[in-house]
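Everything on this sheet refers to the single structure shown next.
Here is the naming used below: chain letters follow the sequence lines, and residue numbers restart at 1 for every chain. Keep in mind it's a predicted model, so treat the numbers as computed, not measured.
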2 protein chains.
Amino acid sequence: MANSPSGESIIGRFVRIVSAFDDRHTSMSVAELGRRTGLPVTTTYRLVNDLLLERLLEREPGGDIHIGTRMWELVSRGSKMLGLREAALPFMEDVQAVVQHSTTLGILDSDEVLYIERLGSDKTIVDITKIAGRLPVHATSSGLVLLAHSPAAYQDSFLARPLTKFTETTLTDPAVLRRHLAEIRQRGFAAMPGVIVPESSGIAVPVFGPDNTVRAALSVVVPRNEENTAARVPVLMAAARGISRSLGWRGELKGTLRQSH
Amino acid sequence: MANSPSGESIIGRFVRIVSAFDDRHTSMSVAELGRRTGLPVTTTYRLVNDLLLERLLEREPGGDIHIGTRMWELVSRGSKMLGLREAALPFMEDVQAVVQHSTTLGILDSDEVLYIERLGSDKTIVDITKIAGRLPVHATSSGLVLLAHSPAAYQDSFLARPLTKFTETTLTDPAVLRRHLAEIRQRGFAAMPGVIVPESSGIAVPVFGPDNTVRAALSVVVPRNEENTAARVPVLMAAARGISRSLGWRGELKGTLRQSH
DNA sequence: AGGAGGATTACCATTGAGCGGGAATCCGAA
DNA sequence: TTCGGATTCCCGCTCAATGGTAATCCTCCT
């Protein structure tokens, strides 16, 4: 499936084009887009014109282009992400009201944590999570919660890889991680001090779907040494249960919580 | 640009496919997708496979497909919508805390109001706004605010069309609408009782960008006859100013507020 | 078990959309 | 005015995309 000598399909090039935009580059000239994507000039212009016709891209007065409203609309309207987000938001607001720092909702995607919602932009803490941003699984509390409730086979393959050590406290030893995962399953939460940036700690709990599998991780990021884990975990857990129930979860059955292992 | 006898480009078909998904149909079989899009069977399967390869679509255990996480991620990450949404959300939360019913943020797109964020899901009121949903301009308070601050040429062309009357109070007469728009500009808000559904009223105010043009409309939906407009408008206005300032707006210059007309 | 009906995959001849190099043109800054 | 980059125009080549038909798989239902 590729009309191009490079052996790439239009869809692939479409992805390249959309990928060229991120939160730091929401608009650019077509020429720059061509440079960023590495596509031949002419091809870029032709493709961009097609996309402009469908309003998937939009041209601004200056001539620069950006991702079109239509694209956002189509994807948001049909994506399952909205359902999860809408179920979670009210409870996240409650958490945020109490914790005051930063509350995030993340899912597992392509061996990374993808954050799909985030409340709070407290400048006093270091929090590198962004909506639609990614962070490594083994270096975030959310990631460890998600991993802990993943199928054993996935855990094995994940732990078989080399893991980057970001800070002193980042866990990279598979054996140690396995013990942590077990603990996370047992206790129902993950509390990780400074595993990705030394200044901040994360506390995360799982959110369940109707089939009792873990859909997402709800977490708060707080300044290191102000974790106050004991007080915050119950808040998170209550909220996570609320979200889970909104998603159609009917309460855990004894024993099934850990069935994935 | 079309390899197909029907004269449609791949991009066009891509749009058709993504459009087939909405909040009521977040996943379906490939065959059903083919039916909904009207594309030839073989073509549908081939295209879907391409999209699956790029993870723009995802296959679920049952075989049904849905819009992929990657798609949501790419679009969200690069879209300008996120910036607006992130600027608005904290202030919307404040409004929602006070008003308790439903708070929305809408923009003007393709002659309709497109809602990009919504807080509150109070079942006691009739509120048909949805995130990534659309409503007509002339039958929503948000729409009228946006229209009131649009270029005169756009207003003229818009008012030249026939307008649907949804309820008793829906305004459809161009002359009357013009007077209302002027009033909205002057007072700084729109308060519309039951113009789309008779049971609910909307109150909306404009959100400005750095160049003093209107970027969005912030609004609340409340039960009819409980409008309490006098008390709610200040809350909305304060929030809207906050959002505007987050967007880089530097305070209105006397007279420029209405410069678009 | 058998079979009906739909979903999915396999096959394949046809063809025009996509491709991209090159050159011309436009445009803003120096 | 000159210059460099952005954008558009031109055009022949070619293979990816197309979509019909048919085989296969799958899931209920009898």
Could you go step by step and tell me if A/Met71 and A/Arg55 meet the side-chain contact (heavy atoms from CB on, under 4.5 Å) rule? CA-CA 7 Å; A/Met71 185 120 143; A/Arg55 298 193 2 112; over 6 Å; no

Could you pull out all residues at least two apart from A/Ser244 that satisfy side chain to side chain donor-acceptor pair (under 3.5 Å)? none

Please give, in whole Å, the distance from [N] [atom2] to [X] [atom1]?
| X | N | atom1 | atom2 | answer |
| --- | --- | --- | --- | --- |
| A/Phe14 | C/dG18 | CZ | P | 15 Å |
| A/Met28 | D/dG5 | CE | P | 19 Å |
| B/Ile10 | C/dC19 | CD1 | P | 8 Å |
| A/Asn49 | C/dC19 | CG | P | 13 Å |
| A/Ile65 | D/dT8 | CD1 | P | 11 Å |
| A/Leu53 | C/dG18 | CG | C1' | 15 Å |
| B/Asp64 | C/dA7 | CG | P | 11 Å |
| A/Asp50 | C/dG16 | CG | P | 18 Å |

Test of understanding: with salt bridge (charged side-chain N to carboxylate O under 4.0 Å, His left out), list the residues that count as partners of A/Arg24, not counting sequence neighbours. none

Would you please name every residue forming a ring-ring contact (aromatic ring centres under 6.0 Å, His included) with B/Phe166, sequence neighbours left out? B/His138

Taking side chain to side chain contact (heavy atoms under 4.5 Å, CB included) as the test, write out the residues that go with B/Thr26, two or more places apart. A/Lys80

Residues in side chain to side chain contact (heavy atoms under 4.5 Å, CB included) with B/Ala216, at least two apart? B/Leu84, B/Leu105, B/Ile107, B/Val207

Which residues within residues 31-48 of chain A lie with some heavy atom under 4.0 Å of an atom in DNA chain C? A/Pro40, A/Thr42, A/Thr43, A/Arg46

Distance test, side-chain N/O of A/Arg13 to OP1/OP2 of C/dG20, below 4.0 Å: yes

